[in-house]
Amino acid sequence: MLPDGRRLGAHLPVAAGMVRAVDRAHAIGASALQVFGDNPTAWKRRAGPPSELPAFRSRLAELDIGPVAIHAAYLVNLAGPDEAFFDRSVEVLAHDLRTSVGFGASFVNVHTGSHKGAGVGTGIERLADGIALVMAEVDDAPGAARLVLENSAGAGFAVGTTVEELARVAEAADRRRVPLERLGFCIDTAHAWAAGYRLSEPDETDALVAEFDAQIGLHRLAMLHLNDSRSELGSRVDRHEHVGAGRIGERGMVRLLTHPSLRPVPTYIETPGMDEGYDAINIRRALDLAAGRPLAPLPPGAMELRGSRSRGAPAPGPA
Ligand SMILES: [Zn+2]
Ligand SMILES: [Zn+2]
């Protein structure tokens with residue numbers, strides 16, 4: 001929990017056990033949790049829900065960890081023109097939303113996707129079609145999580161790279177009568193940086209928040225991914241860095257952690273080395289910055305850790 005009461009969570013691996021992930025969140029001082037619901041790089045979903053789910057839910061309640069976010073598979077692309085790919089994306093996302101009930105999850109977080117050359121406008125309409133289809137598919141699943149669209153770093157034929165594009169997605173979804181409370185947005189700070197938002201400057205964070213509020217409405221900002229960035233401003237390259245140790249830096253992070261309008265927005269870190277002890281280090285860094293305490297130096301080797309989306313290697317963590 002941040003000093004202002006905002007929930008601060010981490011994306012943690014569940015391979016070693018789901019209850020263990022909750023215990024780990026508690027041990028490192030996280031008060032919320034993001035996980036992959038299934039293999040993030042495959043279409044195939046497991047046959048049935050994990051047997052650990054009831055124990056997972058009760059440990060979450062015991063330790064007051066939440067809200068839980070499920071990060072959807074990276075393959076999902078609702079914005080592209082390929083029919084078969086689109087259909088599969090709808091199917092997988094609907095599956096994740098249905099299983100979210102068992103996880104006790106509040107959010108299923110998915111990337112806005114790529115129009116693959118069809119054009120941003122076409123991609124946005126396509127994405128909204130996909131969202132509406134997913135919602136119709138899960139009409140029979142009361143208590144399903146809110147679908148949360150994450151802003152893009154802008155590589156390739158991305159849609160949803162700017163607040164303006166996200167607002168167009170929201171409008172297109174509204175036109176298809178997707179209920180307000182079932183669709184939200186997530187701002188990933190490293191993606192925003194790569195897209196050209198200079199969040200190293202507190203004023204620019206204020207401007208981004210104000211723009212989001214004016215164009216979309218802060219009530220639709222469901223989550224924040226708090227990641228520092230290793231890449232150049234506006235480079236459209238998505239490389240996460242330890243909190244306060246990247247180009248957004250300490251000053252930028254402090255504003256993101258203390259902005260009064262962001263207080264109700266659960267915040268999750270997706271920083272490098274989550275299963276190598278850096279989960280604890282980065283939660284500590286976020287808590288220290290938010291409380292105005294100086295940061296302890298990072299351990300030697302910290303900056304050599306692979307960013308979570310470096311090229312040419314399978315992603316070891318979320319983006
Ligand atoms: Zn993501
Ligand atoms: Zn993210």
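Counting convention: from 1, in listed order, for ligands and their atoms alike. Values below: every heavy atom of this structure, side chains too, minus hydrogens, waters and symmetry copies. Quantities reported herein were computed from a predicted structural model and do not represent experimental measurements.
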* Asked: Under 2.8 Å from the Zn ion (ligand 1), which protein N/O/S atoms are there?
  ->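 Metal shell, protein only: His71 NE2, His111 NE2, Glu150 OE1, Ala319 O.
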* Asked: Partners of Phe212 by ring-ring contact (aromatic ring centres under 6.0 Å, His included), sequence neighbours excluded?
  -> none
* Distance-only, no hydrogens or angles: does the Asn151 side chain make a donor-acceptor pair with backbone N or O of Asp188 under 3.5 Å? ->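 Looks like yes, one N/O pair under 3.5 Å.
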* To do: May I ask you to decide if Val265's main-chain N or O and Thr267's side chain share a donor-acceptor pair within less than 3.5 Å?
  =>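 Yes, the answer is positive, given that a donor and an acceptor are paired below the 3.5 Å cut-off.
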* His115 and Phe157: aromatic ring centres closer than 6.0 Å? -> yes
* Could you point out which residue of Thr161, Asn77, Leu149 forms a side-chain contact (heavy atoms from CB on, under 4.5 Å) with Thr112? =>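 Filter result, single survivor: Leu149.
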* Asked: Angle class for the His111/His71 ring planes (parallel below 30°, perpendicular above 60°, tilted otherwise)?
  -> perpendicular
